[in-house]
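Residue numbering restarts at 1 for every chain, and letters A, B, ... go by the order of the sequence lines. Quick caveat: nothing in here was measured; it's all calculated off a predicted structure.
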Protein chains: 2
Amino acid sequence: MTDATPIRLLLADDHPVVRAGLRAVLETEPGLVVMAEAATAEEAVARAAEGDIDVVLMDLQFGRGMGGAAATARITARPGAPRVLIVTTYDSDADTLPAIEAGATGYLLKDAPPEDLAAAVRTAAAGRTTLAPSVADRLMNRLRTPGTALTRRETEVLALVAEGLSNQAIGDRLHVTEGTVKSHLARIYAKLDVDSRTAAVAAATGLGLIRR
Amino acid sequence: MTDATPIRLLLADDHPVVRAGLRAVLETEPGLVVMAEAATAEEAVARAAEGDIDVVLMDLQFGRGMGGAAATARITARPGAPRVLIVTTYDSDADTLPAIEAGATGYLLKDAPPEDLAAAVRTAAAGRTTLAPSVADRLMNRLRTPGTALTRRETEVLALVAEGLSNQAIGDRLHVTEGTVKSHLARIYAKLDVDSRTAAVAAATGLGLIRR
DNA sequence: CCGGAGATCACCCCCACGGGCGAACGCCGC
DNA sequence: GCGGCGTTCGCCCGTGGGGGTGATCTCCGG
């Protein structure tokens, strides 16, 4: 367990307190060294490109500008890119799936104990995946019941419903007829086992299928 | 500025990383000493009752059990109670108002720079209030346009709408007729300037009037 | 003591929404 | 080439939800 070269870290989070916490927790660990911090996603992308980082601890929600998922995609796109370990507060399909698609190596929640954090960093540095238990649970459920998954179009419709638009307004926005929107909604209701638009929005937000 | 006795702190947050961050940020400040940490609201209430705490740094969202607002109420209810400074991630009316009602001395967001945090702690120890700019803004708007404020009952109805319940189901839940629910909703729509239940939910979540 | 605000209920009208059914079309994998 | 899936559209019909209006009662503060 005594590595010759330490694992070099980049902390990307818009909260100074969280960065200080991660630094405090990780710097006490042997074999880990915090190289830099980034307060925005853009900053993180730029810093990661310098080539002296092994693992990026990435938050998903930044106040302004690029999101953590987009930043992850840009970082992992480069050859010889560092591993990206997502460390965020909330977990939902709307967060986890884009992050995983973007090439994140692991997904942890901020309520994780320090030991788990350090262990996940080492696992990520080795190129292997660590998932928070709740995230792993939901991924398993998703694989078990593929019928529940909404299609891209259905998610799009439901997101507009959640914004409070009428079926006609949604049809206009998506350049389809109101009948098509109702058809999509009927399938959505069946999949979510509900019978009204508000219940669908409630169920979808609960399952993390749509944001907010 | 050189106090004879330091300000004694209690950190209450369910995230170990955040506690470590707060500790790291505040312990470097002269005149501040972290006495204890609490990972749950119940723990914070118990620890604050011991009488050797001047300022409690309190999160609002705890994973399980009591919330930060309830804990704040219990702490401030005791004579000679410490000051409670709310330090949370998101700000919305649904969060700030209960916390202020519960007797919080200040309300900061976690994206605040360390200097502001330390300054707010000192201000709180002196019994004076510090509010994050965004929180102050919303409170001012609220005072300027009191018509927008929903009544307790209206908020209750709207929260059930957001859960996807029908008017009849809401009436049953609140032990009133469906007509009364529709009456409440009509005034909610007028206040929020919308014309459907889903739009009302969207507007209310945007304004932070209801949770989630 | 009275006025205003909040909560409750009733009545009417009407349309958007939801349920049921059927049917095209394009894309993809077998 | 065929079948499944996703997306699109159409039609009918019934009801829940939204708009308007008005009324009663309680509580609280001036």
Open item on the list: Without decimals, in angstroms, what is the distance between L158(A) CG and dT7(D) C1'?
Closed with: 17 Å
Open item on the list: On DNA chain C, does the nearest nucleotide to H175(B) precede the nearest nucleotide to K182(B) from the 5' side, or the other way round? Give the residue.
Closed with: H175(B)
Open item on the list: Rounding to an integer number of angstrom, what distance separates dC9(C) and dG20(D) when you compare their P atoms?
Closed with: 23 Å
- [ ] Considering just the side-chain nitrogens and oxygens of T151(B), establish if one lies under 4.0 Å of OP1 or OP2 belonging to dA7(C).
- [x] yes
- [ ] Choose from dG18(D), dT7(D), dC17(C) the nucleotide whose nearest atom is closest to any side-chain atom of S196(B).
- [x] dG18(D)
Open item on the list: Just N and O in the side chain of R197(B): are any of them under 4.0 Å from OP1 or OP2 of dC17(C)?
Closed with: no
Open item on the list: Does R153(B) form a side chain to side chain contact (heavy atoms under 4.5 Å, CB included) with L174(B)? I'd like the steps, not just the answer.
Closed with: CA-CA 10 Å; R153(B) 199 58 160 173; L174(B) 299 180; 3.8 Å; yes
TODO: Evaluate whether atom CZ of R74(A) has more than 12 neighbouring non-hydrogen atoms of other residues, nucleotides or ligands under 6.0 angstrom away.
DONE: no
- [ ] Round to the nearest Å and state the distance from L174(B) atom CG to dG6(C) atom P.
- [x] 18 Å
Task: T180(B) or N167(A), whichever maps to the more 5' nucleotide of DNA chain C - done: T180(B)
Task: Interatomic distance, R187(B) CZ vs dT21(D) P [rounded to whole Å] - done: 15 Å
TODO: Look at Y189(A) and dG18(C) and indicate whether a side-chain polar atom (N or O) is within less than 4.0 Å of OP1 or OP2.
DONE: yes
Task: Closest to the H184(A) side chain, choosing from dT8(C), dC17(C), dT8(D) - done: dT8(D)
- [ ] Taking only the side-chain heavy atoms of R153(B) (C-beta and beyond), determine which of dC9(D), dT7(D), dT8(C) contains the nearest atom.
- [x] dT8(C)
- [ ] May I ask you to say whether D54(A) pairs ionically with R122(A), meaning some side-chain N is under 4.0 Å from a carboxylate O?
- [x] no
Task: Length of the CD-P vector between Q168(A) and dG10(D), whole Å - done: 11 Å
- [ ] Report yes if a donor N or O on one partner sits less than 3.5 Å from an acceptor N or O on the other, where the partners are the side chain of S183(B) and the base of dC9(C); otherwise report no.
- [x] yes
- [ ] Would you mind reading off the distance between R152(B) atom CZ and dA7(C) atom P, rounded to a whole angstrom?
- [x] 9 Å
Task: R47(A) bridged to D52(A) by N-O distance under 4.0 Å - done: yes
TODO: Could you check which of dC17(C), dG17(D), dC9(C) has an atom nearest any side-chain atom of S166(A)?
DONE: dC17(C)
Task: Rounded distance (Å) that lies between atom P of dG6(C) and atom CD of E156(B) - done: 15 Å
TODO: Whole angstrom is fine here: how far is it from CD in E178(A) over to C1' in dC15(C)?
DONE: 11 Å
Task: Whole angstrom value for the distance that separates C1' of dG6(C) from CG of L150(B) - done: 13 Å
Open item on the list: Against L158(B), only a single residue in L209(B), I170(B), L192(B), T205(B) fulfils side chain to side chain contact (heavy atoms under 4.5 Å, CB included); can you say which?
Closed with: L192(B)
